[in-house]
Structure formats: structure tokens, C-alpha cells
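Both backbone and side-chain heavy atoms feed into the values below; hydrogens, waters and symmetry mates do not. A quick note: this is a predicted structure, and the numbers were derived from the prediction, not measured.
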Amino acid sequence: MASLLGKKVFEINGQGPPPTKDFFQLTVTKTQVIWRSWKISLRIEFKGAAPGENKMTHDDYLHDARMQQQVGVVFGQQILQYTQALCQGNFDYLERLPNDLLLQILAFLELKDVALLAQTTKRFHKLCNSPEFWEQTVRGRCDKLTPDMEALAHAMGWRKIFFAFFNTKEHQQYVHGGS
């Protein structure tokens, strides 16, 4: 599973909270946490100032209350907790799987479970509503697909075809359950 981890495990950047206009970047790699900051100011003493950079090991980050406070202030408590979990070795491998493999896994789920999964992250929402997922669903669960229906699916979309021609009581929960 470690091969699923890229060089960068997590990265986020953004502007600090008002009144400052400073810009920050937090990167978590397999072994380090890197905090970069850019001072944004019209004041002459900050003109041409180099960005600040602080690199530390995961263990050092977990024990640096000041750094954690900065991360919490700039990016919020959820990001702070997430980065702490990453530094403790709690990686989200499911999120890192390639889409084609996730689509194969989704084929084994009930549609009501797919609807629930689609509510968990932006990535899963996009994947569970993708044309690829719905084509796979129609082809895998509907044995009465005609060439005319397939042509219509290419024109209108696989999801619309599924609910227009193959929607049964078994699939009603998915219709009413979201996505």
C-alpha cells in the first residue's frame, strides 16, 4: 500500500485570516512537514522579502504546539486534525486508488450504498455520478440493453437511460437517496 503514496501526501495553500494578507502553504510528504509563508504587505521593510520555510519531521510536527496552532488558525481544525493523522501514519488509501480501480469496486456495491459513498467526499461524489459509473451500472445490471438504447445513452447520458428504462423498486432508494 505504501506505493500508493506519492512524494506529496497532502498539500494545501491559502491566505491567512484577516487582517493579514499573508499567504501560506502546508505540504506533508512521506517523511516531512513543510510550512511556507509569504509576507504580503505594502510596507517597505517587507518589500522583496524571501518566503519563510520551516521543514520538520512528522514527529517534530506532532510535538510542535506553535506550528499546530498556526495550521489551525490558517487552515482550520479539520485540516490540523487531518495532518496530525497523516503524521501518525493514518493514510487514506481508499482516496488514493485510481478511478478505474474504484469503478471496479463500485460495481460490487448496492446502489443505495453508492449513494451514501457519493456523500463522503467531492471525489466520490464526482465518481459516483460520472458517465463511466452509470455506463458500467447499465451494462452490468441491465440485461435488456438494445442498440437503440445504447445510442440513446450516448446522446442523453447513461444515468438518464438507467432511470428511464431500468429503474425498478430495487433501485428506488437510490433515486430518493440523493446523488
Side-chain angles (χ1 to χ4, degrees), residues 1-109 113-137 157-159 177-179:
M1 284 300 230
S3 65
L4 288 174
L5 297 177
K7 189 171 187 167
K8 289 181 186 176
V9 176
F10 177 74
E11 184 173 76
I12 188 170
N13 48 59
Q15 191 172 8
T20 106
K21 300 205 182 301
D22 298 347
F23 190 78
F24 299 91
Q25 179 184 54
L26 176 66
T27 304
V28 179
T29 69
K30 291 180 195 178
T31 59
Q32 286 186 315
V33 175
I34 305 164
W35 177 260
R36 292 185 180 98
S37 61
W38 291 262
K39 191 77 168 160
I40 309 297
S41 176
L42 295 175
R43 299 176 82 182
I44 297 212
E45 62 263 24
F46 296 117
K47 188 173 183 172
E53 182 175 86
N54 188 358
K55 292 183 178 183
M56 61 186 73
T57 66
H58 288 183
D59 194 48
D60 289 343
Y61 176 73
L62 290 171
H63 291 95
D64 190 336
R66 190 179 134 277
M67 179 59 68
Q68 290 183 32
Q69 181 197 20
Q70 284 182 303
V71 170
V73 167
V74 173
F75 296 114
Q77 289 301 307
Q78 283 185 316
I79 296 296
L80 172 60
Q81 291 170 354
Y82 182 67
T83 57
Q84 289 170 328
L86 290 174
C87 290
Q88 293 168 346
N90 300 319
F91 300 109
D92 51 347
Y93 290 106
L94 188 61
E95 273 284 330
R96 297 175 188 288
L97 292 175
N99 283 351
D100 59 335
L101 184 56
L102 285 173
L103 283 169
Q104 290 178 24
I105 293 169
L106 291 177
F108 293 98
L109 297 178
D113 296 324
V114 172
L116 294 171
L117 182 63
Q119 296 174 30
T120 60
T121 67
K122 289 179 183 178
R123 180 176 182 211
F124 283 123
H125 184 268
K126 186 176 178 180
L127 189 64
C128 294
N129 288 289
S130 69
E132 295 83 9
F133 169 76
W134 285 103
E135 179 178 0
Q136 168 183 289
T137 299
W158 287 96
R159 183 177 182 186
S179 269

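- Between atom NE2 of residue His125 and atom OG of residue Ser130 there is a gap of 11.0 Å, rounded to the nearest 0.5 Å.
- Using modelled atom types, no side-chain atom of Asp64 and backbone atom of Asp60 make a donor-acceptor pair closer than 3.5 Å.
- Open room surrounds CD on Gln78; 12 or fewer heavy atoms of other groups in view lie less than 6.0 Å from it.
- Within the 4.5 Å cutoff, no side-chain heavy atoms of Phe133 are placed close to those of Leu127.
- A distance of 8.0 Å separates NZ in Lys8 from CD1 in Ile34, rounded to the nearest 0.5 Å.
- Leu97 has its side chain within reach of Ile105: a pair of non-hydrogen atoms, C-beta onward, lies under 4.5 Å apart.
- Rounded to the nearest 0.5 Å, atoms CG (Leu102) and CZ (Phe124) are 5.0 Å apart.
- The main-chain N or O of Ile40 is found under 3.5 Å from a side-chain atom of Asp22 such that the two form a donor-acceptor pair.
- Considering all non-hydrogen atoms of both residues, Val73 and Pro17 come closest at CG1-CG, 3.6 Å.
- A 4.5 Å side-chain heavy-atom check between His58 and Val28 finds at least one atom pair inside the cut-off.
- With hydrogens and angles ignored, the 3.5 Å screen pairs no side-chain donor or acceptor of Gln84 with any backbone N or O of Leu62.
- The OH atom of Tyr61 sits 5.5 Å away from the CG atom of Leu26 when rounded to the nearest 0.5 Å.
- Between the Trp134 side chain and the Cys128 main chain, a donor and an acceptor come within less than 3.5 Å of each other.
- Taking CD of Gln104 as the reference point, atom CG of Asn99 lies at 11.5 Å (rounded to 0.5 Å).
- Across all non-hydrogen atoms, the minimal contact from His63 to Gln68 is N-NE2, 4.1 Å.
- Ile12 is not listed as a side-chain neighbour of Thr83, based on a closest heavy-atom distance of 4.5 Å or more.
- To the nearest 0.5 Å, the span separating CD on Gln70 from CG on Asn54 amounts to 8.0 Å.
- For Gln15, the CD atom counts as densely surrounded, since its 6.0 Å shell holds more than 12 non-hydrogen atoms of other residues, nucleotides or ligands.
- Using a 4.5 Å cut-off on side-chain heavy atoms (C-beta onward), Trp35 and Val74 make contact.
- Put simply, the side chain of Gln25 reaches to within 4.5 Å of the side chain of Trp38, judged on heavy atoms.
- For the pair Gln136 (side chain) and Leu103 (backbone), a donor-acceptor distance under 3.5 Å is present.
- Between Asn13 and Arg36, the closest side-chain pair of non-hydrogen atoms is not below 4.5 Å.
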